[in-house]
Amino acid sequence: MSIGLARLREEPDRIRQGAIDKGEDPSVVDAALALEGKRRQLLGDSDSLKAERNVASRRIGDAIRAGAAPNGPEVVVLRQASTDAGARIETLNAELAATEAELEELLLRIPNPADPDVPVGDASANQVVRTWGAPLPKDQPRDGGGTWPRRPHWEVAETLRMLDLERGAKITGSGFPVYTGQGSRLQRALIDFMLDVHTAEHGMTEIWPPALVNAASARGTGQIPDKEDLMYVVPRDGLYLVPTAEVPVTNFHRNEIFETDELPVRYVAYSPCFRREAGAAGKDTRGILRVHQFDKVEMVFFEKPEASTEALEWLTGRAEVILQRLGLAYRVLLMATRDMGFVQAKKYDLEVWAPGVERWLEVSSCSNFRDYQARRMAIRYRPEPGAKPELVHTLNGSGVALARTVAAILETYQQPDGSLLVPEALQPYMHTDRVAR
RNA sequence: GGAGAGGUCGCCUAGUGGCCUAGGGCGCCGCACUGGAAAUGCGGUAUGGGGCAACCCAUCGAGGGUUCAAAUCCCUCCCUCUCCGCCA
């Protein structure tokens, strides 16, 4: 379940409109409402029959303890009453189970309504809310006059022996890049740099999660059943390779209740990410813009509901800090309802400028899920000490994904002589200010 | 991988078919006593669902089964601990 039944009953109109805005079928909302009514009816009937049966059973126990014969007339009558109730319960429960299964099916098809400030429409309605830095031109003025053309990242990397796509294809398959030499060190440097900034400066707690998760976790964040095709599966052990650290880190607190003073809880996690990218064949085949395995530093927040709106802005800003320190030009997009995804309430994408391929590359996606994800995973908190638990709000965002950031660095910091300047922020980690042949 | 022992209300623990409507201790909250505290006493202290409410239903690792009735008996699975094997 993702949309809450209470909310479904209380504000069906808003949920219906939310479905329409996201391009989903709104009639599902009414079908779910009808089934919910049926469910409550059946549940009430079943519960009162169970109460009857419990009373009868208790009386049998009392009678026997008081000295009645276990097969005496008094007990036989009671036993019959209990058996009869049991039979009717079984009939009702079968119907109830079918109803609940059907209802759950429908609820999974109701999207999380977008926040009121999200533009309605498809990708063309996405708004650029701000840009930072100036996108470099492909043709760069040369000191002595004229221009030189910036090369795409795969050419820069190959010249400097930082990347080996062919051997990656040999040992695993296409889309599994091998980073070599200073390329490998650049990976480590970026991971280290990002984790250091988010922990030491932004106060997040570092998590180093497993790279495989079980089915319950995959279900928790909605990877299955919806997106099973996107994941690598290990059927023999019933495990899934993580497509993002969001999956293990959000599930970290599945079925838990935070105490009042524990929130917010803010994690940052590095993990490799594995994506089959089925259906994307032919797109971005060159270089490392779309690969099956990449590395990412991910931020995952658990917030009090009243704080989540502001938390999304802060979260997005923390990802921006990384790009700013790396000196990469980027823009922030507020995603429109039909382009933001089924489960997000509000989402910003960060796109970095890659002057070699002359494209904006998505390196981060920062989302507020409100209580939608938390409901599926039963992650709650107590608003006051001793109060009834309520669902937390969850947020996450990349801070940031490596492969495309590496591409942007290679294309932004390449020099006319073929060497690469190391961004100042990375120099302490790379132990050099320049990579040359 | 093999053998054994376990998984009970935040923590520890009692519980071998009905007196379990899960008992006790610790912790926590409230009240009383106190100048204030400690100690002590009394009461309260899980989650989900249904009901206007009184209250009812479900949950003793998970899921099935036997029974009028399951924490308790049976089956399957998961996890933890100890020992052995293997291994970075």
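No experiment lies behind these values; they were computed from the predicted model shown. In what follows, chains are A, B, ... by sequence order, proteins preceding strands, each numbered from 1.
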Filtered N/O pairs between nucleotides 61-63 of chain B and protein, under 3.5 Å:
none

For atom [atom1], what is the distance between [N] and [M], given to the nearest Å?
N	M	atom1	result
B:A46	B:C42	C1'	23 Å
B:G61	B:C55	C1'	30 Å
B:C11	B:G27	P	16 Å
B:C60	B:U13	C1'	13 Å
B:G85	B:G63	C1'	32 Å
B:G43	B:G23	P	14 Å

Point to revise | For B:G36, the Watson-Crick or wobble partner whose two distances fall under 3.5 Å | key: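 Answer to the pairing question: none, since B:G36 forms no Watson-Crick or G-U pair.
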Check your understanding: If pairing requires Watson-Crick or G-U wobble contacts with both distances under 3.5 Å, which nucleotide is the partner of B:C83?
Key ->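 Paired with B:G2.
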Review point. In terms of side-chain heavy atoms of A:K50, which of B:A69, B:C57, B:G18 is nearest?
Key: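 Closest nucleotide among those given: B:C57.
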Review point. If you check every side-chain atom of A:E36, which of B:G18, B:C57, B:G50 has the closest atom?
Key: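 Of B:G18, B:C57, B:G50, B:G50 is nearest to the side chain of A:E36.
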Review point. Which part of the nucleic acid, if any, lies within reach of A:D62 when heavy atoms closer than 4.0 Å are counted: base, sugar-phosphate only, or nothing?
Key: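 Result for A:D62 = nothing.
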Check your understanding: If you look at every strand shown and take non-hydrogen atoms under 4.0 Å, does A:A56 touch a base, only sugar-phosphate, or nothing?
Key ->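 Since no nucleic acid heavy atom lies under 4.0 Å of A:A56, the category is nothing.
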Could you check whether [Y] and [X], counting side-chain N and O atoms only, form a donor-acceptor pair closer than 3.5 Å?
X	Y	value
A:S27	A:D30	no
A:Y348	A:E313	yes
A:Q17	A:D13	no

Point to revise | Chi angles and distances behind the side chain to side chain contact (heavy atoms under 4.5 Å, CB included) call for A:R370, A:H393 | key: CA-CA 4 Å; A:R370 303 223 169 257; A:H393 281 194; 3.7 Å; yes
Identify each atom pair where a protein N or O and an N or O of nucleotides 43-49 of chain B are less than 3.5 Å apart, giving names and distance.
from	atom 1	to	atom 2	distance (Å)
B:U47	OP1	A:R382	NH1	2.7
B:U47	OP1	A:R382	NH2	3.4
B:U47	O3'	A:R380	NH1	2.8
B:G48	OP1	A:R380	NH1	3.3
B:G48	OP2	A:K388	NZ	3.4
B:G49	N2	A:D47	OD2	3.4

Practice item. State whether A:N54 places a side-chain N or O below 4.0 Å from either non-bridging phosphate oxygen (OP1 or OP2) of B:C56. Key: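 Answer no for this pair, as no side-chain N or O of A:N54 is under 4.0 Å from OP1 or OP2.
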Exercise for review: Could you pick out which residue, A:G44 or A:G61, lies toward the 5' side of RNA chain B when each is mapped onto its nearest nucleotide?
Suggested key: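 Of the two residues, A:G61 wins.
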Practice item. Select from A:L78 and A:V55 the residue whose nearest nucleotide in RNA chain B is closer to the 5' end of that strand. Key: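 It is A:V55, whose closest nucleotide lies nearer the 5' terminus.
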Check your understanding: Please walk me through it: do A:V352 and A:T412 pass side chain to side chain contact (heavy atoms under 4.5 Å, CB included)?
Key -> CA-CA 10 Å; A:V352 77; A:T412 300; over 6 Å; no
Produce the list of close N/O pairs, under 3.5 Å, pairing protein atoms with atoms of nucleotides 74-81 of chain B; give distances to one decimal.
none

Review point. Between A:I89 and A:K50, is a side chain to side chain contact (heavy atoms under 4.5 Å, CB included) present by the stated rule, with each step listed?
Key: CA-CA 7 Å; A:I89 290 167; A:K50 281 177 185 169; 3.7 Å; yes
